[in-house]
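Worksheet: one structure, shown below.
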Amino acid sequence: MNQRLEAVVTDALAALHGVLEKHRVNEDEWHAALAFLTEVGRADEFILLSDVTRTSVLIDALTHGGDDSGATASDVEGPMYTVEPPFRKKIYEEYEGMGDDDPLFVRGTVTSAGGGPLPDAVVDVWQTGPAGGYDVWDERQPEGNFRGRVRAEQDGSYEFQTMLPKPYTVPTTGPVGRYLEAVGQHPWRPAHIHFKVTAPGHETLVTQVFFPDDPYLDNDTIGAVKQALVRPVERRNGHLECAFDIALRPS
Ligand code: BEZ
Ligand code: FE
């Protein structure tokens with residue numbers, strides 16, 4: 001028997017039964033709840049449900065919250081990561097309707113929270129475009145657009161070229177969209193860039209970078225904004241710049 005599983009399941013069922021009793025949930029309501037969860041599974045929306053119920057944020061905090069190593073704050077991965085995007089400095093191709101915003105250069109250094117640069121670090125990023133959301137939601141964008149990996153230089157520095165993302169709504173056309181509507185929760189996320197950073201001898205860091213003055217910084221639908229991850233963007237002769245230094249926890 002798995003003792004931890006048994007302990008968690010016992011408490012989870014006690015909490016669930018308590019809620020059902022408190023609200024006198026009836027058979028029709030319970031069957032509707034089961035049908036909803038069945039639909040969530042069929043639509044492959046369980047990560048999305050975990051995110052919008054802010055359960056992913058809680059699990060992130062329970063997993064990484066006590067970290068006092070000096071490592072960069074973690075954040076939730078969300079459902080949009082795809083493995084092994086190409087190594088490239090410019091992570092996008094132009095597409096129709098993307099607008100004429102100036103490019104954004106994101107730069108920083110990957111170091112060990114234990115000290116010293118990490119020249120073998122791989123910085124894997126994904127984000128929405130300046131118009132139209134993620135590549136997989138937007139048929140105007142080539143597959144894999146606004147996704148890419150760069151390897152840190154000998155001094156730990158990294159850089160990639162992208163465009164400043166905009167706020168977007170999480171998917172609303174499936175069962176989770178119906179849930180959001182039913183509970184009166186808006187579907188917007190503030191603009192952000194996702195990072196997954198790996199280096200030998202260090203724990204993988206999954207995080208997100210946000211930008212100041214975003215209308216959804218204080219009310220992200222998945223509740224994932226951390227002030228420590230908000231980074232200014234500066235305009236310099238025809239382009240934008242954002243600095244993001246990353247420290248990884250030794251494993
Ligand atoms: C994201 O940040 O990529 C995301 C999070 C929750 C739902 C959909 C997308
Ligand atoms: Fe995202």
Side-chain angles (χ1 to χ4, degrees), residues 36-37 39-61 63-64 72-85 91-92 98 101 104 106 123-139 141 143-149 160 162-197 204-212 214-231 233 242 244 246:
F36 167 73
L37 290 175
E39 242 192 287
V40 169
R42 290 210 174 107
D44 198 12
E45 286 193 346
F46 265 114
I47 296 177
L48 181 57
L49 184 63
S50 165
D51 291 343
V52 300
T53 54
R54 304 190 171 186
T55 313
S56 301
V57 163
L58 173 62
I59 296 293
D60 172 49
T63 308
H64 305 288
T72 301
S74 63
D75 209 334
V76 300
E77 181 168 317
M80 304 313 295
Y81 180 64
T82 58
V83 291
E84 300 184 350
I91 65 162
Y92 65 96
M98 73 187 287
D101 292 358
L104 167 68
V106 180
V123 179
D124 186 340
V125 294
W126 67 104
Q127 62 170 88
T128 50
Y134 282 99
D135 57 336
V136 291
W137 300 341
D138 181 5
E139 59 200 22
Q141 293 190 54
E143 194 183 325
N145 220 26
F146 289 102
R147 299 174 186 274
R149 283 182 288 178
F160 62 92
T162 184
M163 305 278 289
L164 193 62
K166 301 228 166 49
Y168 66 86
T169 66
V170 301
T172 54
T173 53
V176 171
R178 284 206 328 273
Y179 160 84
L180 289 174
E181 180 108 23
V183 300
Q185 182 177 335
H186 76 70
W188 287 89
R189 293 218 61 209
H192 56 274
I193 301 175
H194 296 267
F195 284 71
K196 187 179 283 220
V197 187
T204 297
L205 172 73
V206 175
T207 193
Q208 305 182 26
V209 167
F210 303 91
F211 310 101
D214 189 294
Y216 296 101
L217 269 190
D218 291 333
N219 59 357
D220 180 3
T221 195
I222 72 166
V225 176
K226 296 181 179 178
Q227 277 312 313
L229 296 172
V230 179
R231 288 290 179 285
V233 174
C242 178
F244 182 51
I246 299 163

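What you see is a predicted model; the values in this text were computed from it and never measured. Start at 1 and go down the list; that is how both ligands and their atoms are numbered. The first residue in the sequence is number 1, and the count goes up from there.
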Exercise. Aromatic rings Phe146 and Tyr92: how do their planes relate, parallel, tilted or perpendicular, breaks at 30° and 60°?
Worked result: parallel

Seminar exercise, completed: Atoms of ligand 1 under 4.0 Å from any heavy atom of Tyr134, numbered from 1 in the order shown, are 1 (C), 3 (O)

Seminar exercise, completed: For Arg189, the ligand 1 atoms with a heavy-atom partner under 4.0 Å come out as 1 (C), 2 (O), 5 (C)

For this session: Determine the interplanar angle of the Tyr134 and His194 rings, folded into 0 to 90°, and report it as parallel if under 30°, tilted if 30 to 60°, perpendicular if over 60°.
Result: tilted

Seminar exercise, completed: Near Leu48 (heavy-atom distance under 4.0 Å), the atoms of ligand 1 are 7 (C), 8 (C)

Exercise. Nearest protein heavy atom to atom 6 (C) of ligand 1, by residue and atom, and its distance?
Worked result: Asp51 OD2, 3.3 Å

For this session: Compute the minimum heavy-atom distance from Trp126 to ligand 1 and say whether it is under 4.0 Å.
Result: no

Problem set entry | side chain to side chain contact (heavy atoms under 4.5 Å, CB included) partner of Phe210, the single match among Arg189, Gln227, Arg231 | Arg189

Problem set entry | Ser50 and Ser56 side chains, donor-acceptor separation under 3.5 Å | yes

Problem set entry | NE2 (His194) to the Fe ion (ligand 2) to OH (Tyr134) angle, given to the nearest 10 degrees | 90°

Exercise. Of all the atoms in ligand 1, which lie at a distance below 4.0 Å from a heavy atom belonging to Val170?
Worked result: 6 (C), 7 (C), 8 (C)

Exercise. Going by the order shown, which atoms of ligand 1 are within less than 4.0 Å of some heavy atom of Met80?
Worked result: 3 (O), 9 (C)

Problem set entry | SB check Asp60 Lys226 (cutoff 4.0 Å) | yes

Exercise. Would you say Gln208's side chain and Leu229's backbone share a donor-acceptor pair under 3.5 angstrom?
Worked result: no

Exercise. Does even one non-hydrogen atom of His194 get within less than 4.0 Å of ligand 1?
Worked result: yes

Exercise. Of the backbone and side-chain N, O or S atoms of Thr128, does one lie nearer to the Fe ion (ligand 2) than 2.8 Å?
Worked result: no

Exercise. Just distances here: any N/O of Tyr168 and N/O of ligand 1 closer than 3.5 Å?
Worked result: yes

Exercise. Among Asp51, Thr53, Asp75, Leu48, which one satisfies side chain to side chain contact (heavy atoms under 4.5 Å, CB included) with Ile222?
Worked result: Asp51

Exercise. Which of these, Val123, Thr207, Val83, Asp124, sits in a side chain to side chain contact (heavy atoms under 4.5 Å, CB included) with Lys196?
Worked result: Asp124

Exercise. Where on Pro79 is there a heavy atom closer than 4.0 Å to ligand 1, on the side chain, on the backbone, on both, or on neither?
Worked result: side chain

